[in-house]
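Keep in mind it's a predicted model, so treat the numbers as computed, not measured.
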Amino acid sequence: MENMVTDSRDQPQTDFIYCCGANTEVLKFGSCQLHSGHKILFLVIPGNPGIVGYYRTFMLTLHSMFGYHHPVWAVSHAGHCVTPDSMDMVEDASLAAEQDVFGLNGQIEHKLAFLRKHVPRETSLVLVGHSIGCYIILEMMKRDPELKILKAVMLFPTIERMVQTPQGKVMTPVLCHMRYVAYLSVFLLSLLPDSLKGSLIKLVFGGIRSLDLSVVQPTVGLLSGDCTANAMYMGGQEMKKVLERDNITIKKNLEKLIFYYGTTDHWCPVQYYLDIKQDFPHGDIRLCEKGFRHAFVLDAGRDVAKMVAEWIRGDLRT
């Protein structure tokens, strides 16, 4: 499989579109336009920040693991991308504000709108959520039960009691009460040249031995200012709104769901794994045995993709 990394089919396309009136980046491996003949689409719903570039290695590997037969796309969160010079962050500022497109509910509606416009209804979906992307997937299932979902893979799922987690206790004051102080710091960083930003990012990530260097450039983009502001605004709403686990939706879709919890994850502690395992003893609920971090894309995107491919291979009947 490693030799496939240089295959020409591993070259993705990046599209920038307006979805729900907000700038959105879509990273695509495989077919860039879908038609009724496309039976299966893998769609990655990112964590926060919802930057699709972070998932490049993960997607590349997933695409190759199935022999390049199924397109693998990732859709950014609204406003979590650096806008091309030809586009504004929003098409209509008043409409974006009215719909709160950058908020958590707005991001859920944003993903449903993307599917309605860009994916044929008869195409079967393999949804892959990471962190808050898992909460978004559960809400998508709840709001549109007719979605043709084969599997939904929930990686390091932040789907309950976020404010009570170790990381939530640290980040809630920052995201809910001190956002504007953080904005100032990001604004000052945004004034630096990109080359210097890249060097600083490599320095910050220096403790990660097997750092995937493909994450550096997306992080440079994150320091543009607007992306961080939108990500922090969404994060503040997560702390307030992601409270009780949606057991009703999980029960209705249990056979489609795979949950994967980390052993050292400060956003969803092992106790949350034990709780959901007790509530759904027949569910496909797994605990990481390999020490992957919550932000697995930093150094384990390839390994996690191979693991996901093995989990779902039988469901795709390839």
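The two residues D299 and S210 come nearest to each other via the heavy atoms CB-O, 3.4 Å. Considering all non-hydrogen atoms of both residues, G47 and S131 come closest at CA-CB, 4.0 Å. Contact between Q13 and C32 at its shortest, heavy atoms only, is OE1-SG, 3.2 Å. In plain terms, the two heavy atoms of I285 and F280 that are nearest each other are CD1-O, 3.6 Å. Considering all non-hydrogen atoms of both residues, L27 and P12 come closest at CD1-CB, 3.8 Å. Contact record, I136 with L104: CG1-CD1, 4.5 Å, taken as the closest heavy-atom pair.
Cation-pi geometry between R286 and F259 is not satisfied (NZ or CZ under 6.0 Å from the ring centre, within 45° of the ring normal). F58 does not carry R302 over the face of its six-membered ring by the limits of under 6.0 Å from the centre and within 45° of the normal.
Residues meeting the salt bridge (Lys or Arg N to Asp or Glu O under 4.0 Å) test with R245, sequence neighbours left out: E160, D279.
A salt bridge does not link D303 with K306: none of the charged nitrogens is closer than 4.0 Å to a carboxylate oxygen. The residues R161 and D275 are annotated as salt-bridged, a charged nitrogen and a carboxylate oxygen being separated by less than 4.0 angstrom.
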Chi angles and distances behind the side-chain hydrogen bond (donor to acceptor under 3.5 Å, both in side chains) call for N230, H80: CA-CA 7 Å; N230 292 335; H80 290 209; 5.9 Å; no
Using the rule given for salt bridge (Lys or Arg N to Asp or Glu O under 4.0 Å), can you reason through D284 versus K151, listing the C-alpha separation, both sets of side-chain angles and the distance that settles it, and then say yes or no? CA-CA 11 Å; D284 192 345; K151 279 290 177 181; 5.3 Å; no
May I have the step-by-step check of salt bridge (Lys or Arg N to Asp or Glu O under 4.0 Å) for E109 and R143, ending in yes or no? CA-CA 9 Å; E109 292 299 324; R143 299 182 190 193; 2.7 Å; yes
Test ring pair (Phe, Tyr, Trp, His ring centres under 6.0 Å) on F156 and Y261 and set out the steps. CA-CA 5 Å; F156 307 95; Y261 284 82; 8.6 Å; no
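A donor-acceptor pair under 3.5 Å links the side-chain atoms of S76 to the main chain of E25, judged by distance alone. Between the side chain of S31 and the main chain of L34, no donor-acceptor pair closer than 3.5 Å is present. Panel note: side chain T172, backbone M239; no donor-acceptor pair is recorded below 3.5 Å.
Between M140 and D144 the shortest side-chain heavy-atom distance does not fall below 4.5 Å. Contact of the N253 side chain with the K142 side chain is not registered, since no non-hydrogen atoms from C-beta on lie closer than 4.5 Å. Between T165 and H266, the closest side-chain pair of non-hydrogen atoms is not below 4.5 Å. Using a 4.5 Å heavy-atom threshold, the side chains of F114 and I17 count as touching.
In the hydrophobic clustering, where aliphatic and aromatic side chains (Ile, Leu, Val, Met, Phe, Trp, Tyr) are joined below 4.5 Å either directly or transitively, L243 stands alone.
The line from CG of L211 to CG of L213 is 5.5 Å long, rounded to the nearest 0.5 Å. Once rounded to the nearest 0.5 Å, the distance linking CG of N23 with CE of M87 reads 4.0 Å. A distance of 6.0 Å separates CG of L127 from CG of L43, quoted to the nearest 0.5 Å. Rounded to the nearest 0.5 Å, atoms CD (E139) and CD1 (I132) are 9.5 Å apart. Separation of atoms OG1 (T61) and CE (M307) is listed at 12.0 Å; rounding is to 0.5 Å. How far CG of D100 is from CD of Q107: 9.0 Å, rounded to the nearest 0.5 Å.
Within 6.0 Å of CD on E289 lie no more than 12 heavy atoms contributed by other residues, nucleotides or ligands. Enclosure of atom CD in E310 by more than 12 non-hydrogen atoms of other residues, nucleotides or ligands within 6.0 angstrom is indicated.
Hydrophobic clustering (ILVMFWY, side-chain heavy atoms < 4.5 Å, transitive): M59 and I258 are in one cluster.
The side-chain contact (heavy atoms from CB on, under 4.5 Å) test with P269 is passed by exactly one of W267, Y273, Y272: Y272.
Ring pair F296/H130: centre-to-centre distance below 6.0 Å.
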